[in-house]
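Here the structure comes first, spelled out in structure tokens, and everything after it is commentary.
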Amino acid sequence: MWMIPGQNQSWVSEFILLGFSSDPTTNSILFTVFLPIYLSSVLGNGLIIMLVSLDTQLHTPMYFFLCVLSLLDMGYVTTTMPQMLVHLLAHSQTISFAGCWLQMYVFGALGIAESTLFVVMAYDRYVAICYPLRYTVILNWGLCMWLAAGTWICGFFSSLLHTFFTMSLPYCGPNGVNHYFCEGPSVRSLACMDTHVIEMVDLVLSVFVVVTPISLILASYIHIAMAILKIKSTQARCKAFSTCASHLTVVTFFYAPASYIYMRPNSSYSSERDKLVSLFYNAFTALLNPVAYSLRNKDIKRAFVKVMGHGRVER
């Protein structure tokens, strides 16, 4: 704690991240579980970036956006998990006020950017299936670059508002955050003032970054479904649907827990439940994304075999 000159009010200068348990044995077990998950997430997403970069046949808008998603996932999980792993083994679980501010901002920025990117990826599938002959004309590289840059700009600007409103609150009482990282609702619950107005502002931002993307994705897939149903060949319909299945899978894994965390009133806040839900859409989603896109994707498998030097596998 530190004192503001001329005032009798003490203010929090650091937070304590309580994590999952205070028992050293339990924390050691959790470390052995979470370390492979983190390493697998980074290596899996890094592998996708490497394969798309090295194989010229994957230099298409779809795989370009997949690279951006993998990059976001790597940053997303690295923002929280390394610190969590250190805290599982360390005696001190403190994080400075500035460090908490930065972690909340970067985590939010990457999360919102990923949320926006899913809309771009849905648009990519819409153009590919509804306008296949004009696919590369509509989604030219110039537009792809602008769309990718737009997702980052949207994420870092929107997160700035969310973080500013949360961290500008007065924190003068307990500083134990019942979470494994500085997530907005968990930190905001420690503020020593009525946060109703801030919650309403945050809800409006959440509608913008969660409900709007979901609506646009649904609209894209309604048009995609209508286009697929018009295809006469059953094999062609299955092939068209399979190109969307991976995207729908990762979208579900991302938006379901994120909606639960950010689209509900503070009165229903449960720290223990929220930690588990946050762990799912933070750590496990980053791990599942490369799996979802590689297991059903012949191009990724072919590129992997080709890069590993085992010859070329035909489509």
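What you see below is based on every heavy atom in this structure, not just the backbone, and it leaves out hydrogens, waters and symmetry mates.
The backbone N or O of Gly155 sits nowhere less than 3.5 Å from a side-chain atom of Ser159 that would complete a donor-acceptor pair. Although no hydrogens or angles enter the test, the distance criterion places no donor-acceptor pair under 3.5 Å between the side chain of Asn289 and the main chain of Asp73. Of the possible donor and acceptor atoms, one in the side chain of His59 sits under 3.5 Å from a partner among the backbone N and O of Val52. Between the Gln103 side chain and the Cys182 main chain, a donor and an acceptor come within less than 3.5 Å of each other. In this structure, Thr116 contributes its side chain and Ile112 its backbone to a donor-acceptor pair below 3.5 Å. Remark: side-chain polar atoms of Asn45 are not paired, donor with acceptor, to backbone N or O of Met74 under 3.5 angstrom. No donor-acceptor distance shorter than 3.5 angstrom exists from the side chain of Thr151 to the backbone of Leu117, with no hydrogens or angles considered. A side-chain donor-acceptor contact under 3.5 Å links Tyr105 to the backbone of Phe156. Looking only at distances, a side-chain donor or acceptor of Gln93 sits under 3.5 Å from a matching main-chain atom of His87.
In terms of hydrophobic clustering, with Ile, Leu, Val, Met, Phe, Trp and Tyr side chains grouped at heavy-atom distances under 4.5 Å, Val106 and Leu160 are assigned to a common cluster. Hydrophobic clustering (side-chain heavy atoms under 4.5 Å, transitive across Ile, Leu, Val, Met, Phe, Trp, Tyr) groups Met50 together with Leu66. Residue Leu143 is grouped with residue Val127 when hydrophobic side chains (ILVMFWY) are merged at heavy-atom distances under 4.5 angstrom, including chains of intermediate members. Put simply, Leu43 and Leu288 are part of two different groups of oily side chains (I, L, V, M, F, W, Y) that touch within less than 4.5 Å, one to the next. Phe165 and Met200 are not part of a single hydrophobic cluster, where members link through side-chain heavy atoms under 4.5 Å apart.
Of all heavy-atom pairs between Thr166 and Gly184, the closest is CG2-O, 4.0 Å. Considering all non-hydrogen atoms of both residues, Asn178 and Leu18 come closest at CA-CD1, 3.9 Å. In plain terms, the two heavy atoms of Pro61 and Asp124 that are nearest each other are CB-OD1, 3.7 Å. The minimum heavy-atom distance linking Asn27 with Leu88 is given by the pair CB-O, 3.1 Å. When every heavy atom of Val209 is checked against every heavy atom of Ser115, the shortest pair comes out as O-OG, 2.7 Å. The minimum heavy-atom distance linking Cys130 with Ala227 is given by the pair SG-CB, 3.7 Å.
Across Phe181, Phe284, Phe107, a single residue satisfies ring pair (Phe, Tyr, Trp, His ring centres under 6.0 Å) together with Tyr76, and that is Phe107. The only member of Asp55, Thr56, Leu54 that meets side chain to side chain contact (heavy atoms under 4.5 Å, CB included) when paired with Leu58 is Asp55. Evaluated for a side chain to side chain contact (heavy atoms under 4.5 Å, CB included) with Ser186, the options Met104, Lys275, His179 yield exactly one hit, His179.
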Kindly indicate, with the supporting measurements, whether the criterion ring pair (Phe, Tyr, Trp, His ring centres under 6.0 Å) is fulfilled by Tyr123 and Phe65. CA-CA 11 Å; Tyr123 176 68; Phe65 294 132; 8.9 Å; no
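Aromatic rings of Tyr221 and His223 (six-membered ring for Trp) have centroids beyond the 6.0 Å cut-off, not under it.
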